[in-house]
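When reading the values below, keep in mind they use all heavy atoms of this one structure, side chains included, and skip hydrogens, waters and symmetry mates. Convention: sequence-line order gives letters A, B, ...; per-chain numbering from 1.
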Amino acid sequence: MAEPLHTLGAAELGRRLASRDLTSRALAEALLARAASRRELGAFNSLDADDLLRQADAADARRAGGRSLGPLDGIPVAIKDNIAVRGQPLTCSSRMLAGYVSPYDSAVAERLRAAGALLMGRLNMDEFAMGSSTETSATGLARNPWDPARTPGGSSGGSAACLASGQAPLALGSDTGGSIRQPASHCGLVGLKPTYGLVSRHGLVAFASSLDQIGPMARSVDDCELLLAALAGPDARDMTCLAADARAPRVLPADRKPRLGVPRALLEGVAPGVRKAFDDALGVYRAEGCELVDVDLPSAALAVPAYYVVATAEASSNLARYDGIRYGHRAARDGDIVALMSQSRAEGFGAEVKRRILLGTFVLSAGFADAYYGKALAARARIREEYLGALARVDALATPTVPSSAFRLGEKAADPLQMYLEDLFTIPANLAGLPALSVPSGLDGALPVGLHLVGPPLGEGLLLGLARRLERATGLAHRVAQP
Amino acid sequence: MPKGLDIDHVARLARLSLAPEERERYAAQLGQVLGHFAALASMGAGPADAGLRAPVADASLRADQPGQPLPPTDFLRNAPASRDGQVAVPRVVDDAS
């Protein structure tokens, strides 16, 4: 029996489209039907079927006219709801932005359109990307397709649920402290946070600007690489986006064995099933001829506190724009302007966003900024130095992506600190601006577990090459949860 | 609660109205989270220019040239209220003042 279209990866779909064995319309219709049948997973905040089919027909017309735009032409890419797509809702899963329609395309939307990709729907997420479980979404829970009683992770939980259930072959996430990699790990996907500056942030709703990056998520390493190639490029509208001449990629050396650094001191507290998958992955690399090297990252213990100071400080500043005046929710109240703003924000933001705004405001406030924000910046600089130092001796650093597999919905919702510790392994790459990915490394019972690899600046190709070796050995590519 | 955490003052700075139960809950939770941040306080001084060390590889500015802005109607569509091509806001100044 032919494989259902929703189980195929982007590279295979591209081949079928190119050989005219498949039309983009037929693909779009199959995925819309799949999305309708898995609605209970809460992957999408909204999905404009007519718009998707219009884009598919345009792709088919291009191909019929011999004007194909490349390997992504006609292939749907689902988009997280904090990335602007002209004419589509942009809610960040927040009451604050309910009803907001983006007046312009983000840089990545422009690049995907130029590659012929179909921009598909608005994916659920933690509110304003603040969370690790998609439970802070104001639009409803997202569920893990491998066990719907569990979280798909977050903040890009809708992206992960969408991919793991076969509702799209490719998806965009954003990653401020692990928001692409942690859900990729929990849902058995490949997710990559690029080097800071590789992908433009123009049109990404800002959470913590010095940490945020948009990145690709997919069900295989090849598909992740295909999507990354379409996203990466210079953009003068984002001053932190690397110029064309600053993009020389780092690759694995051909004249020696790859070296993988293992910070063993950080592995204490990792759940047994996750630890076993990690040790098995190291065994694969050893068998592949890689050299495993113990590395010491003494300041990594400071990463979680440094991150939550820097990220909340930046969030409190970035989210000051939501004042209920020019756009967003406005409280029904006349009179005092400060009271109007304060009430609009109280009604528009959810509990986690308020918590982080309060925390960020406190750590920047007079009398406390030196003790918290200043120290966090110093810790950040130290962590970056240590990681760059280690990566001068090894090609990549390996840990599990998350200390445990996907937890039950509600299990950590009342304890923000426990939720923040989900990001222990993923945060340092954001603080240091380094590329990092999660690739499936095994199963903890029925639940997927990911291996986390961090590389040197512009080492995305190097990381994808290492991930491909593991993927070949585990055979964990292209898995779609049934039904 | 860490010394100096005045939740009412912070909420005022953040322009957030808090209900009484929120006030208590956030004060307790922030206290717990800030307690975890104590590890930062124990570290020595960092590099003097730490604040400038965010991983911004190329901070050059784009050319300062006039461009074509999006039409105002695109923006007014998202305003909570608009009138005569302007964002409408509640009255915040008394006639007498």
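Distance check, rounded to the nearest 0.5 Å: CZ of B/Arg62 to CG of A/Asp238 gives 9.5 Å. Considering OG of B/Ser17 and NZ of A/Lys354, their distance stands at 8.5 Å, rounded to 0.5 Å.
If you measure heavy-atom distances from B/Ala38 to chain A, you find no contacts under 4.5 Å at all. Heavy atoms of B/Leu70 lying under 4.5 Å from chain A belong exclusively to its side chain. For A/Leu421, the part lying under 4.5 angstrom from a heavy atom of chain B is the side chain only. No part of A/Ala301 comes within reach of chain B, as not one of its non-hydrogen atoms sits under 4.5 angstrom from that chain. For a residue to count as touching a neighbouring chain, one of its non-hydrogen atoms must lie under 4.5 Å from one of that chain's; by this rule A/Val309 touches chain B with backbone and side chain alike. Using a 4.5 Å cut-off between heavy atoms, B/Leu76 does not touch chain A at all. Using a 4.5 Å cut-off between heavy atoms, A/Tyr308 contacts chain B through both its backbone and its side chain. Only the side chain of B/Val87 comes within less than 4.5 Å of a heavy atom in chain A; its backbone stays farther off. Both the backbone and the side chain of B/Phe37 come within contact range of chain A, each with at least one heavy atom under 4.5 Å from a heavy atom of that chain.
Residues B/Leu13 and A/Ser365 approach most closely at CD1-CB, 4.1 Å, considering heavy atoms. Scanning all heavy atoms of the two residues, the minimum distance from B/Pro80 to A/Gly324 falls at CG-O, 3.7 Å. The heavy-atom pair separating A/Ala414 from B/Gln29 by the smallest distance is O-NE2, 4.2 Å.
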- Steps toward side-chain contact (heavy atoms from CB on, under 4.5 Å) verdict (B/Arg15, A/Asp323): CA-CA 9 Å; B/Arg15 301 285 188 265; A/Asp323 53 12; over 6 Å; no
- Query: Under the side-chain contact (heavy atoms from CB on, under 4.5 Å) criterion, do B/Val89 and A/Arg330 qualify, and how do the steps go?
  - Reply: CA-CA 10 Å; B/Val89 297; A/Arg330 181 189 291 175; 4.0 Å; yes
- Task: Under the side-chain contact (heavy atoms from CB on, under 4.5 Å) rule, what do A/Asp415 and B/Gln32 come out as? Steps first, then yes or no, please.
- Result: CA-CA 10 Å; A/Asp415 188 346; B/Gln32 185 200 9; 3.8 Å; yes
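Between the side chain of A/Tyr372 and the backbone N or O of B/Ala41, no donor-acceptor pair lies under 3.5 Å. A/Arg345 contributes a side-chain N or O that, together with a main-chain N or O of B/Ala14, makes up a donor-acceptor pair within less than 3.5 Å.
Counting heavy-atom neighbours within 6.0 Å of B/Asp8 CG, excluding the residue itself, gives a total above 12. Within a 6.0 Å sphere centred on NE2 of B/His36, other residues, nucleotides and ligands contribute more than 12 heavy atoms.
Between A/Leu97 and B/Asn78 the shortest side-chain heavy-atom distance does not fall below 4.5 Å. Taking 4.5 Å as the limit, some side-chain heavy atom of A/Phe362 sits within range of a side-chain heavy atom of B/Leu34.
With respect to chain B, the highest number of heavy-atom pairs below 4.5 Å among A/Thr195, A/Leu319, A/Leu358, A/Leu302 belongs to A/Leu358. Listed options A/Ser102, A/Ala346, A/Ser316 were ranked by heavy-atom pairs under 4.5 angstrom with chain B; first place goes to A/Ala346.
Residues A/Arg86 and B/Asp74 are paired through a salt bridge, judged by an N-O separation under 4.0 Å between the basic side chain and the carboxylate.
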